[in-house]
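Residue numbers run from 1 in the order of the sequence given. Side-chain atoms are counted along with the backbone in the values below, which use heavy atoms only and exclude waters and symmetry mates.
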Amino acid sequence: MARDEISLQYLTYDATDSVGSVNVEKQAVTQANGIKLKNAFACKDNSMKIIVENTATSDSTLTIKAGEKQNATLGDATIALTKSSSTVIAPIRDMARFENADGSIDIDFATGFTGNIYAVGEKAGL
């Protein structure tokens, strides 16, 4: 499957380092393609948030696919998406369950899903 790709969008902090913000770029989901979130865990620990907007008039689901690391044996995780609303998925605590060898995670959407996705996080480092 040729997945559509998105990247983490990082918060930028004000001069006092007290408040972070980001102008998000949303990706329209093509249900048949699914999404690859590149370098999903390159951000500061537990700061990644995946936001999914379900623009359909019916409830749906997404599936975070099991990855290629040691905890992949735990399998996929399915998350409910309420109609005409946004869902925040965070934190993903077990990266070894979902992370692929290239650092990405794969997300699939139920048939009929329409909406947008984006991911934000804090930059890692000192």
Side-chain angles (χ1 to χ4, degrees):
M1 171 190 301
R3 293 183 178 277
D4 295 333
E5 296 183 345
I6 63 172
S7 297
L8 281 172
Q9 299 174 56
Y10 292 102
L11 298 167
T12 301
Y13 283 85
D14 68 353
T16 64
D17 201 31
S18 299
V19 178
S21 63
V22 60
N23 292 321
V24 297
E25 295 179 24
K26 299 175 184 179
Q27 170 72 41
V29 172
T30 301
Q31 180 274 325
N33 295 350
I35 294 290
K36 175 182 282 235
L37 174 53
K38 299 185 300 185
N39 298 315
F41 299 103
C43 58
K44 185 176 177 181
D45 289 346
N46 295 327
S47 73
M48 178 183 60
K49 292 171 182 54
I50 300 170
I51 298 88
V52 179
E53 299 172 340
N54 180 2
T55 59
T57 56
S58 59
D59 293 344
S60 191
T61 60
L62 70 75
T63 302
I64 303 172
K65 303 300 288 178
E68 300 169 336
K69 302 269 178 128
Q70 66 272 18
N71 286 356
T73 58
L74 295 172
D76 300 343
T78 300
I79 297 173
L81 302 171
T82 304
K83 65 183 178 184
S84 304
S85 68
S86 297
T87 300
V88 177
I89 302 163
I92 295 179
R93 295 182 181 175
D94 187 355
M95 61 190 244
R97 177 177 178 180
F98 304 109
E99 188 176 16
N100 293 314
D102 66 359
S104 68
I105 60 173
D106 293 331
I107 303 169
D108 288 343
F109 295 84
T111 301
F113 175 84
T114 59
N116 302 301
I117 187 171
Y118 57 96
V120 297
E122 294 185 41
K123 287 186 179 177
L126 300 174

Would you check if [X] and [Y] make a side-chain contact, meaning some heavy-atom pair closer than 4.5 Å?
X    : Y    : result
N33  : R3   : no
E99  : E68  : no
I105 : F41  : yes
L81  : T61  : no
S18  : Y13  : no
L37  : I50  : yes
K65  : D108 : yes

Trace of the side-chain contact (heavy atoms from CB on, under 4.5 Å) decision for N39 with L8 = CA-CA 7 Å; N39 298 315; L8 281 172; 5.7 Å; no

Could you walk me through whether I64 and I92 pass the side-chain contact (heavy atoms from CB on, under 4.5 Å) check?
-> CA-CA 10 Å; I64 303 172; I92 295 179; 4.0 Å; yes

Output for pair (D45 CG, E122 CD), nearest 0.5 Å, gives 10.5 Å

Per the side chain to side chain contact (heavy atoms under 4.5 Å, CB included) rule, which among I89, N54, T87, T78 passes with L62?
-> I89

What side-chain donor-acceptor pairs closer than 3.5 Å can you find for residues 110-118, not counting sequence neighbours?
| unit_1 | atom_1 | unit_2 | atom_2 | d |
| --- | --- | --- | --- | --- |
| T114 | OG1 | T55 | OG1 | 3.3 |
| N116 | ND2 | E53 | OE1 | 2.9 |

Check F109 against G34 and note the closest heavy-atom contact, atom names and distance.
-> CD1-CA, 4.5 Å

Any idea which heavy atoms bring A72 and G67 closest together, and the distance?
->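 For A72 and G67, the tightest heavy-atom pair comes out as CB-O, 3.2 Å.
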
Check whether [X] and [Y] end up in the same hydrophobic cluster, where Ile, Leu, Val, Met, Phe, Trp and Tyr are linked by side-chain heavy atoms less than 4.5 Å apart.
X   : Y   : value
I35 : I79 : yes
Y10 : V24 : no
V88 : L11 : yes
V22 : I51 : yes

Would you say Q9's side chain and E25's backbone share a donor-acceptor pair under 3.5 angstrom?
-> yes

Measure from the side-chain N and O atoms of T57 to the backbone N and O of S84, and report whether any donor-acceptor pair falls under 3.5 Å.
-> no

In K69, K38, K36, the residue satisfying salt bridge (Lys or Arg N to Asp or Glu O under 4.0 Å) with D102 is K36

Run the side-chain contact (heavy atoms from CB on, under 4.5 Å) check on I107 and T63 step by step: do they pass?
-> CA-CA 6 Å; I107 303 169; T63 302; over 6 Å; no

Salt-bridge present (R97, D76; N to O < 4.0 Å) | no

